[in-house]
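Computed over heavy atoms, backbone and side chain alike; hydrogens, waters and symmetry mates excluded.
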Amino acid sequence: QVQLVESGGGLVQAGGSLRLSCAASRRTFSSYTMGWFRQAPGKEREFVAAISWNGGVTYYADSVKGRFTISRDNAKNTVYLQMNSLKPEDTAVYYCAGSPSAVQAVYSSNYNYWGQGTQVTVSS
């Protein structure tokens with residue numbers, strides 16, 4: 001079992017930045033595909049970004065491409081989401097997720113482990 005704990009959410013003005021972190025409880029994290037998803041009120045959970053086990057491959061939703069950057073530090077069992085140029089439509093609960101196998105990273109059903117989520121609110 002792997003526990004994932006997100007942090008770094010908060011309230012920020014449009015145009016601002018936040019960095020989310022997701023800490024994993026097991027060293028086997030280093031072999032996991034990791035993803036970030038978000039869910040806004042009244043909407044379905046949607047894919048944001050994902051990263052391969054060694055950081056060599058990254059994926060982004062079109063809505064965040066060029067503004068968000070996913071990265072990981074396997075020595076610290078942590079994955080990050082740097083969010084710049086934030087917009088009010090980025091407001092959501094952000095979740096990190098992990099899969100022990102190489103997966104089609106955009107599909108939430110392919111992930112086995114989920115964090116509890118962290119709220120990001122962007123004011124206009």
Side-chain angles (χ1 to χ4, degrees):
Q1 195 71 293
V2 175
Q3 291 185 327
L4 303 174
V5 179
E6 302 99 333
S7 61
L11 173 64
V12 64
Q13 288 189 332
S17 298
L18 283 175
R19 188 175 82 155
L20 305 184
S21 299
C22 173
S25 62
R26 290 182 61 177
R27 294 194 64 177
T28 50
F29 157 89
S30 63
S31 64
Y32 283 30
T33 297
M34 298 298 295
W36 285 96
F37 290 77
R38 66 186 182 187
Q39 188 166 18
K43 295 187 176 182
E44 293 189 354
R45 190 171 297 188
E46 65 174 0
F47 170 76
V48 176
I51 188 167
S52 63
W53 69 275
N54 64 352
V57 181
T58 56
Y59 310 87
Y60 296 95
D62 288 343
S63 59
V64 307
K65 204 170 292 184
R67 300 188 298 122
F68 291 11
T69 302
I70 189 170
S71 62
R72 68 191 297 162
D73 185 340
N74 286 343
K76 296 182 178 179
N77 290 354
T78 302
V79 63
Y80 305 97
L81 185 68
Q82 177 67 44
M83 305 186 295
N84 299 329
S85 302
L86 282 161
K87 305 175 181 180
E89 51 263 43
D90 294 319
T91 295
V93 177
Y94 283 71
Y95 299 89
C96 74
S99 173
S101 61
V103 296
Q104 291 183 306
V106 303
Y107 299 110
S108 61
S109 59
N110 286 339
Y111 291 84
N112 304 77
Y113 305 105
W114 291 83
Q116 82 290 347
T118 185
Q119 177 71 47
V120 171
T121 303
V122 184
S123 63
S124 56

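Proximity of a side-chain donor or acceptor of Thr91 to a complementary backbone N or O of Val122 within less than 3.5 Å is detected. Within the 3.5 Å criterion, the main-chain N or O of Thr118 finds no donor-acceptor partner in the side chain of Glu6. Between the side chain of Arg67 and the backbone N or O of Ser85, at least one donor-acceptor pair lies under 3.5 Å. Between the side chain of Tyr111 and the backbone N or O of Ala105 there is at least one donor-acceptor pair closer than 3.5 Å. Judged by distance alone, the side chain of Asn77 and the main-chain N or O of Phe29 form no donor-acceptor pair under 3.5 Å.
The closest side-chain heavy-atom distance from Leu4 to Cys22 is below 4.5 Å. Put simply, the side chain of Arg26 does not reach to within 4.5 Å of the side chain of Tyr113, judged on heavy atoms. No side-chain heavy atom of Met83 sits less than 4.5 Å from a side-chain heavy atom of Val48. Counting heavy atoms from C-beta on, the side chains of Tyr32 and Asn112 never come closer than 4.5 Å.
Atom OG in Ser124 sits 10.0 Å away from atom CD in Glu89 (nearest 0.5 Å). Separating the CD atom in Glu44 from the CD atom in Gln39 is a distance of 8.0 Å, to the nearest 0.5 Å. Note that CZ of Arg72 and CG of Asn54 are 8.0 Å apart. Values are rounded to the nearest 0.5 Å. Distance check, rounded to the nearest 0.5 Å: OG1 of Thr33 to CH2 of Trp53 gives 10.5 Å. Here OG1 of Thr69 is found 11.5 Å from CZ of Arg19. Values are rounded to the nearest 0.5 Å. Note that the CE atom of Met34 and the CG atom of Asn74 stand 9.5 Å from one another [nearest 0.5 Å].
Between Tyr60 and Ile70, the shortest heavy-atom distance links the atoms OH-N, 2.9 Å. Across Ser63 and Arg38, no two heavy atoms sit closer than the pair OG-NH2, 3.5 Å. Taking every heavy atom of both residues into account, Ala14 and Pro88 meet most closely at CB-CD, 4.1 Å. Between Leu81 and Ala49, the shortest heavy-atom distance links the atoms CD1-CB, 4.1 Å.
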Quiz item: Going through the distances and angles, do Ser99 and Asn110 end up as a side chain to side chain contact (heavy atoms under 4.5 Å, CB included)?
Solution: CA-CA 7 Å; Ser99 173; Asn110 286 339; 5.6 Å; no
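Put simply, Val106 and Trp114 are part of the same group of oily side chains (I, L, V, M, F, W, Y) that touch within less than 4.5 Å, one to the next. Val57 and Phe37 fall within the same hydrophobic cluster, defined by Ile, Leu, Val, Met, Phe, Trp and Tyr side-chain heavy atoms under 4.5 Å apart, directly or through other members. No continuous path of ILVMFWY side-chain contacts below 4.5 Å connects Ile51 to Tyr80, so the two sit in separate hydrophobic clusters. When hydrophobic clusters are built by joining Ile, Leu, Val, Met, Phe, Trp and Tyr residues whose side-chain heavy atoms come closer than 4.5 Å, directly or via intermediates, Tyr95 is not grouped with Leu20. In terms of hydrophobic clustering, with Ile, Leu, Val, Met, Phe, Trp and Tyr side chains grouped at heavy-atom distances under 4.5 Å, Val93 and Leu86 are assigned to different clusters.
Open room surrounds NZ on Lys43; 12 or fewer heavy atoms of other groups in view lie less than 6.0 Å from it. Around atom CD of Gln3, no more than 12 heavy atoms belonging to other residues, nucleotides or ligands sit under 6.0 Å away.
The ring of Phe47 has its center no closer than 6.0 angstrom to the ring center of Tyr59.
Aromatic ring orientation, Phe68 versus Tyr94: tilted (interplanar angle from 30° to 60°).
Asp90 and Lys87 are not joined by a salt bridge, as no carboxylate oxygen comes within less than 4.0 angstrom of a charged side-chain nitrogen.
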